[in-house]
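Written out below as structure tokens is the structure these notes cover.
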Amino acid sequence: MTYNKITADIVAQLNAIVGADAILTSSAEIESYSHDETEDLVYYPEVVVKPQTVEQVSQLMKLCNEHLIPVTPRGAGTGLAGGALAIKGGLMISMERFNKILDIDEQNLQATVEPGVITEIFINAVAEKGLLYPVDPASKGSCFIGGNVANCSGGPRVVKYGTIREYVLNLEVVLPSGDIIWTGANTLKYASGYNLTQLLIGSEGTLGIVTKIVTKLIPKPTLDALMLASFSTNEDACAAVSAIFRAGVVPSALEFMERRGIEWVIEHDGIAFDLKDGIGAFLLIEADGTNQDVIFADCEKINEVLEQHNCQDVLFADSSAQKEELWRIRRTMAVSVKSNSVYKEEDTVVPRAALPQLIKGIKDIGAKYGFESVCYGHAGDGNLHVNIVKAGMSDADWNSKLKDGITEVFELTIALGGTLSGEHGIGLVQKKYMPLKYTPMHFAIWKGIKGIFDPNGILNPGKIF
């Protein structure tokens, strides 16, 4: 596809749509929009605009569609797959001014929210009304809920309560043509034609721009217990994961953390933690509910399973402050790893019972190619984040051999029944691995869908496939 540049005349039309204060054109102004949290990738859009209404987004899309100008939708820029990078230049539409919680419907346990609302702000707002929105990615304090929808983001508590797909009921979307549609209905059941809501979730801004989100809410659990279990090996910790579920317990969170990740959190954040010799991995396990006796019974069952899987020690958090400190270790791990070394993060997911084989295979592949890895993630979902660390690997090997190692990691993941991404998305950096999992027929179907929504190919071009 050949795209056109943004001319002075187009800038004047943009100005007429959103106003001069909502347009950025200089390199200095645009710099922060040229990258996300993906390692070492920088692409400058020609112009950034910050609309505030759905009508403005519609007019922007009509203009760009008419003049074949590529458009990149942008949330908070916390993505890890390059999905919000303007790799074709053109116009970037930042959704940061769509930042209102429009309604919290306590009668129907629903909320309507704009895509630029920070996820944690939304979680806290509904919590004040005794309700729970359980999708809580590690970046919840900075990411936008619209970006969560675009990437089908997750977090620790979706293991019990379900992914974002279970909580988005309806979406207001601007199509590349400028048409505005609602994708579904504000109902818990939906059997009326193709489910466009589910199609848009995880589409990474390639089919339409979300301008309103209707979410389901649930009553907020009032009690919880948090356990930190330590193991000598990664494999022992990972083997315990599926055994907990087989024992009849569904924790509200079940996170895996490798020892090296804990060490870097201690070094980077100065967190006081007694890291004993001989401990190789940890599981952070939360149980919640409204009945303390039921929670304690679940914890006892979990403890029995842990003992059967060579658990060395179990720490029960005895205060809210200690719970918060343990969660802080997990949530800051990605930042700590990033601060210590050149790295690449991959987002693998397999059936839970395959986690021991996955992590052993990752370490074996690292030894073969000469890279280290720090692994952590949502073990309860089988979702393991693999941070590949350059460490002593030469620049030449890092730039030439690493891709072969990553390919083997994904081949292993697929062989174990998994896929390429659990919650980070495909975006720009993972799309080259898609043929490992998907057939030419898959690509033909996806391209057909893309062609119906976006026949001129202007919306977030170059992503996913």
Side-chain angles (χ1 to χ4, degrees), residues 6 11 14-15 17-38 41-61 63-64 69-87 89-103 111-125 133 135 137-151 153 164 168 171-174 180 200 203-206 208-213 215 425 427 459-460 463:
I6 296 178
V11 172
L14 296 174
N15 184 36
I17 294 170
V18 298
D21 68 329
I23 300 177
L24 307 178
T25 57
S26 73
S27 294
E29 291 175 317
I30 292 175
E31 190 280 329
S32 62
Y33 297 88
S34 69
H35 57 84
D36 60 7
E37 292 302 314
T38 312
L41 296 178
V42 176
Y43 295 89
Y44 277 76
E46 296 166 60
V47 177
V48 175
V49 294
K50 304 177 185 182
Q52 289 183 282
T53 68
V54 64
E55 291 78 16
Q56 289 177 343
V57 176
S58 174
Q59 291 176 59
L60 291 168
M61 291 309 304
L63 178 65
C64 291
I69 295 169
V71 177
T72 305
R74 172 90 170 189
T78 60
L80 293 164
L85 300 180
I87 63 174
L91 185 70
M92 176 170 283
I93 298 181
S94 170
M95 301 303 288
E96 63 196 87
R97 293 185 175 180
F98 280 77
N99 57 6
K100 299 180 185 66
I101 298 172
L102 299 172
D103 180 50
T112 304
V113 60
E114 291 184 329
V117 173
I118 293 173
T119 304
E120 188 169 29
I121 289 176
F122 179 55
I123 291 170
N124 292 341
Y133 175 73
V135 183
S139 59
K140 66 179 181 178
S142 56
C143 64
F144 291 170
I145 189 170
N148 299 164
V149 171
N151 288 289
S153 302
I164 197 168
V168 176
L171 297 168
E172 181 185 68
V173 177
V174 179
I180 303 168
L200 267 291
S203 64
E204 301 186 35
T206 61
I209 297 180
V210 174
T211 49
K212 290 188 182 70
I213 303 160
T215 71
L459 191 51
N460 212 9
K463 311 297 169 55

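The first residue of the sequence shown is numbered 1, and numbering continues consecutively from there.
Contact detail for Glu29 and Thr25: the closest heavy-atom pair is OE1-N, 3.2 Å. Taking both residues in full, the closest heavy atoms of Leu85 and Asn460 are given as O-OD1, 4.3 Å, listed atom of the first, atom of the second, then distance. Across Leu200 and Gly208, no two heavy atoms sit closer than the pair CD1-N, 4.2 Å. Considering all non-hydrogen atoms of both residues, Pro73 and Gly205 come closest at CG-O, 3.6 Å. Here the closest heavy-atom approach between residue Gly147 and residue Ser153 is recorded as O-OG, 4.1 Å. The shortest heavy-atom contact between Ile30 and Glu46 is CD1-O, 3.5 Å.
The shortest distance between side-chain heavy atoms of Leu41 and Thr38 falls below 4.5 Å. In this structure, Val168 and Ile164 have side chains that are in contact, with non-hydrogen atoms separated by less than 4.5 Å. Residues Phe144 and Val117 form no side-chain contact, since every pair of their non-hydrogen atoms from C-beta on lies 4.5 Å or further apart. Contact of the Val48 side chain with the Ile23 side chain is not registered, since no non-hydrogen atoms from C-beta on lie closer than 4.5 Å. Looking at heavy atoms from C-beta onward, Leu14 lies in side-chain contact with Leu63 at the 4.5 angstrom threshold. You'll find the side chain of Lys140 stays beyond 4.5 Å of the side chain of Val135, heavy atoms only. Using a 4.5 Å heavy-atom cutoff, the side chains of Ile101 and Asp103 are not in contact. The side-chain heavy atoms of Ile118 and Ser142, taken from C-beta on, include no pair separated by under 4.5 Å.
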**Report entry** Chi angles and distances behind the side chain to side chain contact (heavy atoms under 4.5 Å, CB included) call for Met95, Arg74
**Finding:** CA-CA 6 Å; Met95 301 303 288; Arg74 172 90 170 189; over 6 Å; no
Report task. Might you work through the side chain to side chain contact (heavy atoms under 4.5 Å, CB included) test for Tyr43 and His35, ending with a clear yes or no? Result -> CA-CA 7 Å; Tyr43 295 89; His35 57 84; over 6 Å; no
Query raised in the report: Under the side chain to side chain contact (heavy atoms under 4.5 Å, CB included) criterion, do Val173 and Ile180 qualify, and how do the steps go?
Result: CA-CA 6 Å; Val173 177; Ile180 303 168; over 6 Å; no
Report task. Report the C-alpha distance between Glu204 and Asn151 in whole Å, list the side-chain angles of each, state the deciding distance to 0.1 Å, and finish with yes or no for side chain to side chain contact (heavy atoms under 4.5 Å, CB included). Result -> CA-CA 5 Å; Glu204 301 186 35; Asn151 288 289; 3.8 Å; yes
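Checking Glu55 against Ser58 by side-chain atom types alone, no donor-acceptor pair falls below 3.5 Å. Using modelled atom types, one finds a donor on one side chain and an acceptor on the other under 3.5 Å when comparing Asn148 with Thr119. With no hydrogens or angles considered, a side-chain donor-acceptor pair links Thr211 and Glu172 at under 3.5 Å.
Using a 4.0 Å cut-off between charged nitrogen and carboxylate oxygen, Lys212 and Glu114 do not count as a salt-bridge pair.
Expressed to the nearest 0.5 Å, how far OH of Tyr33 lies from OG1 of Thr72 amounts to 13.5 Å. With rounding to the nearest 0.5 Å, the separation of SG in Cys64 from CG in Leu459 is 10.0 Å. Remark: Ser94 OG to Leu24 CG distance equals 8.5 Å, nearest 0.5 Å. Taking CG of Leu91 as the reference point, atom CD1 of Ile69 lies at 7.5 Å (rounded to 0.5 Å). Lys463 NZ to Thr206 OG1: the interatomic distance, rounded to the nearest 0.5 Å, is 9.5 Å. With values rounded to the nearest 0.5 angstrom, Phe122 atom CZ is found 8.5 Å from Ile213 atom CD1.
The main-chain N or O of Gln56 is found under 3.5 Å from a side-chain atom of Thr53 such that the two form a donor-acceptor pair.
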